[in-house]
Amino acid sequence: MTEGTTSAAAEGGDTLTRLEQEGEIAADYLEGLLDIADLDGDIDMDVEADRAAVSIISDSGSRDLQKLVGRDGEVLEALQELTRLAVHRETGDRSRLMLDIAGFRAKKREELTAVGIKAAEEAKSTGEPVKLQPMTPFERKVVHDAIAAAGLRSESEGEEPERFVVVLPA
């Protein structure tokens, strides 16, 4: 192996180690939160798309975790930010950690992928740009990915919290 290849492999390993560390810090923080709130849930850690991914799941199918999701995922978004801050406090680095609770984000990702595919098909058939409803950054990212997979381009327009995706025809 060349020196450049060796350092690239080491850098990739360092990134994975750093992301795993973020996941562990986040898991510890969230376990403490679950204890304080007296909620049951198991923590699952992974690394997906160059970011730490932490999920809180419940074997019992309990609705208790829905309290941590909130209406339209509002509480989940806030908990994700607090968890990112806890990671930042420990590491000194900004975290892009993704938090899912009770499968909320996974289900939302499926729904948004369908929205992106439908919008891409509409843009292809009409030849006109398709503007979607305002979305959170997470939602826009999922839609952008679905549109790219369909072979089209998209961009975000507007200002938060009214920022939305526009699907551009080929």
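The chain is numbered in sequence order, starting from 1. Values below: all heavy atoms of this structure, side chains included; hydrogens, waters and symmetry mates excluded.
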| message | Given V143, which partner from the list T113, I117, V167, L132 fulfils the side-chain contact (heavy atoms from CB on, under 4.5 Å) test? | response | L132
| R18/E22 salt bridge by N-O under 4.0 Å criterion | yes
| said: Here's one to test your reading of the geometry: is the NZ or CZ of R140 within 45 degrees of the ring axis of F164 and under 6.0 Å from its centre? | reply: no
| request: Heavy atoms only: give me the nearest A146-G116 pair and the separation to one decimal. | output: CB-CA, 4.1 Å
| field | Sole candidate of I57, V69, V54 that passes side-chain contact (heavy atoms from CB on, under 4.5 Å) when paired with I101 | value | V69
| query | Can you tell me how far the CG atom of L82 sits from the CG atom of L33, to the nearest 0.5 Å? | reply | 8.5 Å
| request: Check the hydrophobic clustering (I, L, V, M, F, W, Y; side-chain heavy atoms under 4.5 Å; chains of links allowed) and say if I56 and F104 are grouped together. | output: yes
| request: Evaluate the side-chain proximity of M135 to R163: yes if any heavy-atom separation is below 4.5 Å, no if none is. | output: no
| message | Could you report the tightest heavy-atom contact between D50 and R96, atom names first, then the distance? | response | O-NH1, 3.4 Å
| Thinking salt bridges, do E74 and R71 make one under a 4.0 Å N-O criterion? | yes
| task | Taking all heavy atoms of A26 and all of T83, pick out the closest pair and write down the distance. | result | CB-CG2, 3.4 Å
| said: Contact between E160 and P137 at the side-chain level, heavy atoms closer than 4.5 Å - yes or no? | reply: yes
| said: Among residues at least two apart in sequence or on other chains, which ones pass side-chain contact (heavy atoms from CB on, under 4.5 Å) with E81? | reply: R84
| said: Could you measure the distance from the CG atom of L30 to the CG atom of D35? Nearest 0.5 Å is fine. | reply: 11.0 Å
| said: Counting only heavy atoms from other residues, nucleotides and ligands, does the tally under 6.0 Å from CZ of R153 exceed 12? | reply: no
| remark: So CZ of R109 and NZ of K141: to nearest 0.5 Å the spacing works out to 9.0 Å
| message | Regarding E139 and K108, does a basic nitrogen lie under 4.0 Å from an acidic carboxylate oxygen? | response | yes
| task | Grab the two heavy atoms, one from V165 and one from S154, that are nearest each other, plus how far apart they are. | result | CG1-CB, 4.0 Å
| request: Over all heavy atoms of both residues, which pair between R105 and D100 is shortest? Give the atoms and the distance, please. | output: N-OD1, 2.7 Å
| Could you give the distance from CG (L34) to CG (D40), rounded to the nearest 0.5 Å? | 8.5 Å
| Side-chain touch L76/L68, heavy atoms, less than 4.5 angstrom | no
| query | OG/S95 to NE2/H88 distance, rounded to the nearest 0.5 angstrom? | reply | 10.0 Å
| query | Is there a side-chain contact between P134 and P161, using heavy atoms and a 4.5 Å cut-off? | reply | no
| remark: Smallest heavy-atom separation, A27 atom then I43 atom, equals CB-CG2, 3.6 Å
| Measuring from E110:CD to L112:CG, what's the distance to the nearest 0.5 Å? | 10.5 Å
| said: Is it the case that over 12 heavy atoms from other parts of the model lie below 6.0 angstrom from the CD atom of E159? | reply: no
| task | Answer whether the closest heavy-atom distance between the side chains of M45 and E20 falls below 4.5 Å. | result | no
